[in-house]
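The next block holds one structure in the form of structure tokens; read it before the comments.
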2 protein chains.
Amino acid sequence: MAPRVTIIDIARAAGVSKSTVSIVLTGSGRVSPETADAVRAAMRDLGYVYNRGAANLRNPKSHVVGMVINDLSNPFFAELAIGIERVLRTSGYIPFMANTAESLLRQSEVVRSMREHGASGIILCPTADSTGREINELAELGMPIVLAIRRVAGARVSLVASDNRAGSAAAARHLLALGHRRIGYVGGMARMAVRQDRIAGFSEALAAASVAIDPTRMIECAPTKDAGFVAMSALLAQPNRPTAVMCFNDVVAIGAMLAITRHGLTPGVDIAVVGFDDTSEARHASPALTTVSVGAGDLGERAGQMLLRQISGAATGPETHIGEARLVVRESCGAPAQSRDVA
Amino acid sequence: MAPRVTIIDIARAAGVSKSTVSIVLTGSGRVSPETADAVRAAMRDLGYVYNRGAANLRNPKSHVVGMVINDLSNPFFAELAIGIERVLRTSGYIPFMANTAESLLRQSEVVRSMREHGASGIILCPTADSTGREINELAELGMPIVLAIRRVAGARVSLVASDNRAGSAAAARHLLALGHRRIGYVGGMARMAVRQDRIAGFSEALAAASVAIDPTRMIECAPTKDAGFVAMSALLAQPNRPTAVMCFNDVVAIGAMLAITRHGLTPGVDIAVVGFDDTSEARHASPALTTVSVGAGDLGERAGQMLLRQISGAATGPETHIGEARLVVRESCGAPAQSRDVA
DNA sequence: TCGAAAACATGAAGCGATTTAATTAGTGCT
DNA sequence: AGCACTAATTAAATCGCTTCATGTTTTCGA
């Protein structure tokens, strides 16, 4: 292990003081072009690696921000993360990402670690079991923070999310218009605010059509494909099964469609299925999934911008952006198979 | 912005010296239980945040490792990343992830940033245009590094990848056995070693069956769904179009199937399609995609373990793990639609 | 030719932690 | 009581870098 090269080594090699090297490094202050070149040459020759930790010690403004994603295996969150990265990076920030896999413990670890490393802000897609208390604690300690996608009850911080209520209501109205009356809801955990919002929209639409909700057709499950499969299978085992299901999100919907197929039925023909998110998987599923598009990448960019505003101090308090949710009708509700919106 | 709380504040609050606080923090040395409790209480009360940068200054061993992913929107890499994380995290390391979106510039930035932050190792899924020189430079400077998935010509570092040659050969033999003779290859850039390996297997199988390769049916394109769509469209516009195509990976294959559908043909009936990777999207595509399974999560875990060995010094030199590649036959090659392997 | 203002360069202090050697207090034994 | 030892605690040096006040030159108008 070669001993670390420091600015002192560079200074010696370039025949200047370490102050001068530092000025070249940071671009603060004036330095003659020749000197600067000599310093840069020395850095190249010696294989110098800047020590950000040491720098931040003296000058505690870092350009690192953290992105904490709850489920990277869900393409929706992957797209969101990419949108966030796009914005932050073009603004000169280095976004570091971590996946919590829906574990609150991991989330705390990761957030702590990011704070310890001097992140100047965090974008958090909270785990399903996050509470407002934890999040407020963070914010109160002066860490700029933006919640993405998942509202958390009681959290008084900035939020970027989609209009879950309106989106779900639109999807439910679509199913009602197609004549469905026995409609189930699959996925999400009851404690998740997002699920509450989506179910509120669902209920609202059903109530407006004077259709009663049967609580036995509301199945909770984790927002994953496998859990969706299991939950849908349970629903299918019930007597008097629904003719349509709304799913918490696309991955649950895809799991549900799989279960329907396994049960010897055809999604879109025997049972209508609607998802939420409009991931690329939804477009390419079989049948193509009717879903609610929220623009994952755009939401990510919004979240990035919002965080930058928080960090720069331009934001006076917590902001909220609720993105539009648009129903995208494809084949999984009985639309003709020649597809209206495949790309 | 509250002034930062340091161990000096903790020391004062707990009525001890900062050395004692440090000992409590690191667990080095002996300290009486009462003192330790007092210190911990003070940390809690004051909202202390450990400053890793300062600590690493004096004691330069960090538990941070970097994962650099070339395309997070490809579910294959997402699964890989999750596998890596699983291993590293259970070994007490904090993996920070960054997405390069196939940009070599971003890759250099990200790698540099990780070095500057004192990462003790890096797992790199290199961009398509990475060269051995850059990677060797990193390694020679003493940074433990493991290349994942993508071999880079000339790089003398550890590697975890799949048996691209054998996997492609098996897929090609499958197409040949189904009677196909005009077989195209879609996707990947010619400069990518992975593509070369996969095409080697493809060529080998065709040669063994005395089937000639038509270079006009070998279409390069970026490994994305959109590029696959465009490339396949070009192939379909040719006279005497192929009856089967092997694709560089699953996302290209899904794009290709979409192009086939758009062209008024049916993938799996009019044109056989094979992918590579076996992502979950392949299983749920329509028709379900015949592909080569490489076990993304497992490869990720291997890569994580290999990096840990490099960091601990247990590895004497660069290691290589080539994971098995297994053909998974589904419907996109003409198998009956009632599916053999859907889950 | 002189003095003021620019333009560069540097020495020393300090950021928040770790670490080593030194100090203090406590214990058992003769 | 005196001595040897151990356990608990601490002072001081140090890690790599930034910053500010303080030189040291240069430049240039009058």
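Here is the naming used below: chain letters follow the sequence lines, and residue numbers restart at 1 for every chain.
- For B:R133, the CZ atom counts as loosely surrounded, since its 6.0 Å shell holds 12 or fewer non-hydrogen atoms of other residues, nucleotides or ligands.
- Under 3.5 Å, the side chains of B:Q310 and B:S158 contain a donor-acceptor pair of N or O atoms.
- Neither OP1 nor OP2 of D:dA8 sits under 4.0 Å from any side-chain N or O of B:T35.
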What one-letter contact string describes nucleotides 16-27 of chain D from 5' to 3', where B marks a base within less than 4.0 Å of any protein heavy atom, S marks contact via sugar-phosphate atoms alone, and - marks no contact? BBBB--------
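- Minimum interatomic distance between B:P95 and B:E85 (heavy atoms only, all atoms of both residues): CG-CG, 3.8 Å.
- Salt bridge absent: B:E116 and A:R4 never bring a charged side-chain N and a carboxylate O closer than 4.0 Å.
- One N or O on the side chain of B:N99 and one on the backbone of B:L72 form a donor-acceptor pair closer than 3.5 Å.
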So A:E102 and A:R150, salt bridge (charged side-chain N to carboxylate O under 4.0 Å, His left out) or not? Walk me through it. CA-CA 12 Å; A:E102 297 290 5; A:R150 292 183 170 179; 2.8 Å; yes
Starting from the C-alpha separation in whole Å, work towards a yes-or-no answer on side-chain hydrogen bond (donor to acceptor under 3.5 Å, both in side chains) for A:S32 and A:T35. CA-CA 5 Å; A:S32 77; A:T35 312; 2.6 Å; yes
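- Here ring pair (Phe, Tyr, Trp, His ring centres under 6.0 Å) pairs that include residues 40-77 of chain B, with residues two or more places apart or in two chains, are B:H63-B:Y93.
- Judged purely by distance below 3.5 Å, without hydrogens or angles, the side chains of A:S22 and A:S19 never pair a donor atom with an acceptor atom.
- Salt bridge B:R302/B:E319: absent, no basic N to carboxylate O contact under 4.0 Å.
- In the model, A:E134 has no side-chain atom that pairs as donor or acceptor with a side-chain atom of A:S108 under 3.5 Å.
- Applying the ring pair (Phe, Tyr, Trp, His ring centres under 6.0 Å) definition to pairs two or more places apart or across chains, those involving residues 112-144 of chain A are A:H117-B:F96.
- Mapping heavy-atom proximity under 4.0 Å, the span of DNA chain C touched by chain A runs 5' to 3' from C:dC8 to C:dG16.
- Comparing the axis of the opening five pairs of the helix from C:dT1-D:dA30 to C:dT30-D:dA1 with that of the closing five pairs yields an angle of 40°, rounded to 10°.
- A:R30 comes within contact range of the sugar-phosphate backbone alone, with a heavy-atom separation under 4.0 Å but no base atom that close.
- Although no hydrogens or angles enter the test, the distance criterion places a donor-acceptor pair under 3.5 Å between the side chain of B:S62 and the main chain of B:G118.
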Could you pull out the protein-nucleic contacts involving nucleotides 4-6 of chain D (nitrogen or oxygen on both sides, under 3.5 Å)?
none

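- Within 4.0 Å of A:T20, counting heavy atoms only, lies at least one base atom of the nucleic acid.
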